[in-house]
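Residue numbering restarts at 1 for every chain, and letters A, B, ... go by the order of the sequence lines. Reckoned from all heavy atoms, side chains included, excluding hydrogens, waters and symmetry mates.
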Amino acid sequence: MSLMQSDDNFYLIPQNNERTCFEGFINVHGQEHQFQISLPPGGTFSQASVQCDLSLQQMLQGYEAVIEKRLQQSQDLATFLLELKTIAESQAQKMHLIMLPPPSYYKQLLTEIEELDWKNVSYVDTSLQQLHLRAMDQGGREHILKIHISSEHPVERPICTVDLPIPFNISWSSQTGMLQFLYKQFQNMLETLQDFWNQLDEIDSKTWILEPENPIRGASKRRIALGNNSSVQIQVDPKNPRLPPECKLLGADHVINPLNSRIGEWNPEDSILNNLERVLNVQFPSPANSKKEDFNMECGICYAYRLEMEIPDKACDDQRCGQPFHQTCLYEWLRALPSSRQSFNTIFGECPYCNKPITVKMPS
Amino acid sequence: MASMEKRLQKELQALLRDPPLGVTVDSDKTSRSLSEWTVDLEGAPGTLYQGEKFQLAFKFGPRYPFESPQVIFTGSNIPVHPHVYSNGHICLSILTDDWSPALSVQSVCLSIVSMLSSCKEKKRPPDNSIYVKTCSKNPKNTKWWYHDDTV
């Protein structure tokens with residue numbers, strides 16, 4: 001009798017010296033399930049019993065009596081476990097088959113896709129339940145509509161995943177031709193967002209975007225490099241892209257304080273980029289006349305640009321220094337110094353580089 | 001820990017690529033985790049230590065660069081200098097009280113070279129024999145008195 005087996009099919013470990021209790025794992029379609037076998041003293045199988053974990057129990061539902069009998073009749077545990085594995089695997093397969101949609105589902109879906117034209121399909125999985133549809137907008141940008149089709153299609157609405165800055169709420173009724181209707185809704189949505197993407201595309205191509213590193217279509221925030229370790233973060237309203245965006249200036253005080261926002265001069269007719277340059281009275285450094293390395297300055301403490309999600313946005317206010325730091329790094333350094341002073345959540349200390357006064361807020 | 005290794009990796013790359021005069025990192029003796037380094041120093045020309053070769057051992061704790069590295073002279077030649085004990089310990093304020101994360105392996109090495117260079121007379125610290133007998137293995141545990149800034 002093999003008492004300890006560890007191959008791809010199962011692991012079996014005796015739990016006591018008398019070898020009357022075993023625990024182990026059995027592999028069913030690549031997934032491990034836990035079980036426990038108890039033998040009466042003496043190691044005979046006549047009164048043996050087996051207990052399984054919940055998922056294995058569900059798989060073996062209806063077969064409990066058979067399995068118990070097989071165990072009591074078996075000569076050794078290895079043979080029994082192989083038998084158990086075979087039963088579980090065939091059951092698991094049956095359960096999977098039941099979950100597949102009926103043939104009418106496929107017929108209906110194929111008709112709908114044909115109506116939609118196969119050239120708009122960029123991906124479909126083998127079970128035909130995941131469908132990716134491609135749509136080009138007026139600006140020549142490609143968008144993907146990812147649809148998870150329910151087995152109850154078209155009665156139940158599908159789950160859609162999109163890369164849009166606003167929620168994609170679909171209207172749905174259980175009629176035929178719904179895929180085409182869904183695709184149309186997606187195209188209409190893209191149309192309303194054209195100006196939003198045009199505006200952001202202009203900003204992305206003519207300035208240095210520090211965050212996000214690779215903006216997705218759904219991203220409405222940008223952190224734009226201003227030079228001198230400072231930047232401006234804007235959040236554009238996807239529905240009203242020409243209205244003044246939410247702005248946040250980041251950097252050393254001596255650089256950003258003069259940029260007093262003359263928000264009254266915002267002209268909704270003009271592009272966001274032009275408006276920002278006029279209102280802030282700056283010229284953004286652009287890929288045409290600068291390198292990105294000039295703007296993503298490393299933190300003077302950890303020597304990295306990115307610290308988890310953080311970038312070095314706290315800079316020394318001294319004009320000759322201007323050394324940037326991660327807020328977390330600077331806080332970590334200053335809080336341990338006896339020369340620093342804390343007031344509420346702000347620490348007053350000295351720049352590690354130039355010893356000029358510097359303050360940092362406790363990272364949230 | 002990860003941020004310490006990242007920074008040390010960058011420091012090591014920079015020192016190997018562009019070493020300052022008289023400073024050489026022995027990358028073979030640098031441990032895989034980067035927590036221990038060996039750096040070869042040469043006495044600067046025109047000083048009392050001209051032509052002499054020394055070795056520094058750096059040990060970095062997981063809190064580096066928030067805490068200073070442990071730096072001592074090792075090897076067969078320990079410089080005879082009023083701030084260097086015969087066991088290799090160095091009395092230099094930037095290695096303890098005046099440490100700042102703005103400093104680096106490179107700036108520590110250059111400070112030590114310059115400390116040697118400004119020496120006018122080769123001699124051990126006056127308390128050398130008693131210090132060497134009683135000190136902790138780690139010079140950072142010593143409460144130093146930085147009494148003399150001229151050398």
Side-chain angles (χ1 to χ4, degrees), chain A residues 213 229 252 292-294 296-342 347-363, chain B residues 1-20 23 25 27 30 33-35 37 39 58 60-71 92-111 140-146 149:
Chain A
E213 257 166 321
N229 306 318
K292 190 166 187 183
E293 288 80 66
D294 302 344
N296 45 8
M297 293 275 293
E298 289 159 358
C299 164
I301 292 176
C302 72
Y303 285 17
Y305 180 64
R306 210 161 267 281
L307 179 74
E308 282 161 25
M309 288 310 289
E310 216 183 317
I311 66 168
D313 55 10
K314 176 73 207 171
C316 175
D317 279 336
D318 188 79
Q319 286 193 32
R320 285 158 300 177
C321 179
Q323 175 67 45
F325 303 100
H326 291 118
Q327 190 192 354
T328 312
C329 292
L330 188 60
Y331 178 80
E332 187 68 21
W333 168 245
L334 290 181
R335 77 188 180 105
L337 286 188
S339 58
S340 301
R341 190 167 57 79
Q342 181 157 8
I347 292 194
F348 299 78
E350 289 171 358
C351 168
Y353 277 73
C354 69
N355 294 338
K356 292 273 159 38
I358 195 167
T359 60
V360 65
K361 283 205 165 62
M362 194 186 297
Chain B
M1 192 72 179
S3 81
M4 159 227 174
E5 278 178 20
K6 238 175 163 173
R7 167 162 164 160
L8 284 173
Q9 191 74 49
K10 288 199 172 175
E11 287 198 45
L12 183 61
Q13 275 169 5
L15 268 176
L16 290 174
R17 194 177 52 231
D18 192 15
V23 177
V25 184
S27 51
T30 298
S33 70
L34 293 175
S35 64
W37 295 24
V39 180
F58 279 77
F60 303 92
R63 298 246 318 129
Y64 181 81
F66 297 104
E67 277 174 13
S68 62
Q70 178 194 321
V71 187
L92 183 63
S93 65
I94 59 161
L95 295 178
T96 49
D97 296 3
D98 290 341
W99 169 257
S100 140
L103 297 167
S104 61
V105 176
Q106 168 159 349
S107 58
V108 167
C109 289
L110 290 176
S111 293
K140 288 177 72 178
N141 294 338
T142 303
K143 184 79 200 99
W144 297 101
W145 274 43
Y146 304 106
D149 288 331

*Looking at Phe66(B) and Trp333(A), what are the two nearest heavy atoms and their distance?*
O-CZ3, 3.2 Å
*How far apart are the closest heavy atoms of Pro352(A) and Ser100(B), and which atoms are they?*
O-OG, 3.1 Å
*Would you mind telling me which of Ala304(A), Cys329(A), Gly300(A) has the largest number of heavy-atom pairs within less than 4.5 Å of chain B?*
Cys329(A)
*State, to 0.1 Å, how close Tyr353(A) and Pro101(B) come at their nearest heavy-atom pair, and which atoms those are.*
OH-O, 4.4 Å
*First locate atom OH of Tyr64(B), then atom CD1 of Ile301(A), and finally report the distance between them rounded to the nearest 0.5 Å.*
11.5 Å
*Quick one: CE on Met4(B) to OH on Tyr303(A), what's the gap to the nearest 0.5 Å?*
14.0 Å
*Salt bridge check: are Glu332(A) and Arg63(B) linked by an N-O gap of less than 4.0 Å?*
yes
*Return the minimal non-hydrogen interatomic distance between Lys10(B) and Glu298(A), and the atom names on each side.*
NZ-OE2, 3.2 Å
*Answer with side chain, backbone, both or neither: which region of Leu103(B) has an atom nearer than 4.5 Å to a non-hydrogen atom of chain A?*
backbone
*Flag yes if more than 12 heavy atoms outside Gln13(B) fall under 6.0 Å of its CD atom; otherwise flag no.*
yes
*What is the minimum heavy-atom distance between Arg7(B) and Cys302(A), and which atoms define it?*
CB-O, 3.5 Å
